[in-house]
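Okay, structure first, notes after.
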Amino acid sequence: MFFTIQNLSAQQTDERIYEIIEDVSAEHIESDIKTLANFGTRNTFSDTISDTRGIGAARRWIKSEFEDISAECNNCLEVFYQKDFVTTEDSDRVPHDAWVVNVVAIQKGTKYPDRYVIMSGDIDSRNSNGSDFEGDAPGANDNASGMAGAIEAARVLSNYDFESSIVYVGLSGEEQGLFGGQGLARYAKDNDWEIIGVLNNDMIGNIEGVDGVIDNRSFRIFSEPVPPTETDRERNMRRFYGGEVDGISRQLARYVHKTTQTYMPEMNPMMIYRLDRFGRGGHHRPFNDLGFPGIRIMEAHENYNRQHQDIRTEDGIDYGDVVEGVNFDYAKKLTAVNAINMASLAWAPPAPKNVEIGGIVEPSAKLRWEKVEGDIAGYKIYWRDTTAPQWQHSRFVGDVNEFTLDGIVIDNFFFGVAAVGKDGHESVVVFPSGIFR
């Protein structure tokens, strides 16, 4: 079976992706971070009435920014608040009953409007005491940087049309228990969203680590190995067929790693095989908890003197999450990482479903899958050594629903299948979920 280069798409990279990278503005990000920091505190339980201080003023400003962006693209964004009520009974970190309010902006897809890729940043901030809703907590890096990145991504990507929908969101209540993420994840479930992936951005602006390392190119991609919603049958199958590091979130992380290395080779994406930092969690976790793929993107070297700290100087050391600790060019780079991956995912066809594998005690591996509806270029089979972190080999096999890899023994590799659009953009790789003989 033979395929011409046209079948695969003569375009191996998409010029629009380079345009997106170029269009991300460090100046916009700097301005937005300063605006957010200047609200004094954005603690989830801070003032909601003032126009100049507190989380109420911050979320109204974020909503107005999304609305202004929408006005520039002929109302291409649906902007709204999504909220849930929390009480002191929900957590000992809730000082008083309050609404946890998220700001959501949806750019609807032209072909698959019910498929969503989400970029989130956190609206809220905190100082040394997470329940202190009156003291200053500028939260310049944690997490005005991620919030500014989501706003800037909306500015840039709203100039394009995508087949799938993109969601830009500011989540609240992160510091007290991931309340905002829980609320939006439930909202997505209740509204039957098919989520391609959640890119949670939490601290994307610091390059000077407390360990003394200065690094403006490396960043971490946290992902859990398999979904917490897997069944006992799926868990038992892994004993015999593998897949301990091939869950949907891990495949999303590999996608981000590959896309970044393709289009931004100066960057150093670091795959971290863990849900989040040691023993901790971020706003992608509530989506993972409901079975959605989600990862965390963040700086590689943290400065703990600037996280969750009252602004002060002790023993010659400056503490506090202030604007001076943010590198805006670095935040631009990580915003671009998000933007190009969302664009690639939203331009790509849906991933194949019901991928199965065969070839037990045979000289060749066989794969079959359910074809994607619509006009696509075809499918690509990936495989790698069982100890390799990334997909090493691939073969475009055309617009078929099964293929045999002659001479590739099933026992020696892991396999997956991705759908390929006519513009060359690929879906996330799908690991087999069944076998056949």
Side-chain angles (χ1 to χ4, degrees), residues 117-122 141-143 145-146 149 174 178 181 196-228 230 238 242-262 264-289 292-304 306-308 327 330-331 333-338 340-342 345 384-392 414 416 428-429 431:
V117 56
I118 301 173
M119 178 182 181
S120 70
D122 300 322
N141 188 46
D142 184 13
N143 186 26
S145 64
E174 191 267 345
L178 311 178
I196 309 168
V198 177
L199 309 183
N200 169 37
N201 286 256
D202 194 346
M203 294 186 288
I204 61 169
N206 180 70
I207 66 170
E208 184 178 352
V210 74
D211 55 4
V213 175
I214 298 176
D215 185 349
N216 67 351
R217 296 185 184 274
S218 300
F219 67 96
R220 292 178 289 182
I221 309 169
F222 288 95
S223 63
E224 64 179 351
V226 294
E230 70 173 0
R238 284 208 315 274
E244 294 86 353
V245 294
D246 281 280
I248 52 177
S249 294
R250 187 60 50 78
Q251 303 299 355
L252 176 63
R254 289 191 177 106
Y255 189 99
V256 171
H257 188 281
K258 176 187 174 184
T259 304
T260 303
Q261 289 200 323
T262 299
M264 299 178 68
E266 73 279 11
M267 298 302 289
N268 175 33
M270 301 166 55
M271 291 271 289
I272 308 296
Y273 279 21
R274 186 181 292 128
L275 171 67
D276 208 304
R277 294 164 299 163
F278 195 85
R280 304 171 76 174
H283 249 148
H284 56 301
R285 178 186 167 184
F287 293 91
N288 293 164
D289 288 344
F292 296 124
I295 61 175
R296 177 174 182 163
I297 295 174
M298 71 174 299
E299 62 208 27
H301 302 281
E302 299 177 65
N303 191 324
Y304 307 117
R306 298 172 183 162
Q307 294 177 20
H308 300 181
N327 184 287
Y330 179 68
K333 293 174 183 176
L334 294 199
T335 298
V337 165
N338 281 266
I340 65 173
N341 277 282
M342 288 193 294
L345 287 165
R384 69 180 199 273
D385 295 339
T386 61
T387 56
Q390 308 295 343
W391 296 109
Q392 298 168 301
F414 286 144
V428 173
V429 175
F431 194 79

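- Between W391 and R384, the shortest heavy-atom contact is CH2-NH1, 3.1 Å.
- Within the 4.5 Å cutoff, no side-chain heavy atoms of N200 are placed close to those of F287.
- When only modelled atom types and interatomic distance are considered, N216 and N327 share no side-chain donor-acceptor pair under 3.5 Å.
- Ring geometry for F431 against F414 counts as perpendicular: the plane angle is over 60°, on a 0 to 90° scale with 30° as the lower cut.
- The closest side-chain heavy-atom distance from E266 to K333 is not below 4.5 Å.
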**OP:** Could you check L252 against I248 for side-chain contact (heavy atoms from CB on, under 4.5 Å), going step by step and ending with a plain yes or no?
**Re:** CA-CA 6 Å; L252 176 63; I248 52 177; over 6 Å; no
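- Taking every heavy atom of both residues into account, M267 and F219 meet most closely at CE-CD2, 4.0 Å.
- Side-chain atoms of H308 and D142 form a donor-acceptor pair, as typed in the model, at a separation below 3.5 Å.
- Cation-pi contact between R250 and Y273: present, with separation from the ring centre below 6.0 Å and deviation from the ring axis of at most 45°.
- Between E302 and N141 the shortest side-chain heavy-atom distance does not fall below 4.5 Å.
- Side-chain contact between D246 and R254 is present, with at least one heavy-atom pair separated by less than 4.5 Å.
- Checking N206 against Q307 by side-chain atom types alone, no donor-acceptor pair falls below 3.5 Å.
- Between the H284 side chain and the L275 main chain, a donor and an acceptor come within less than 3.5 Å of each other.
- With hydrogens and angles ignored, the 3.5 Å screen pairs no side-chain donor or acceptor of D385 with any backbone N or O of T387.
- Between the side chain of S249 and the backbone N or O of S223, no donor-acceptor pair lies under 3.5 Å.
- Judged purely by atom type and a 3.5 angstrom limit, N143 uses its side chain to pair as donor or acceptor with the backbone of N201.
- A salt bridge is absent between D276 and R220: the closest approach of a Lys/Arg side-chain nitrogen to an acidic carboxylate oxygen does not fall below 4.0 angstrom.
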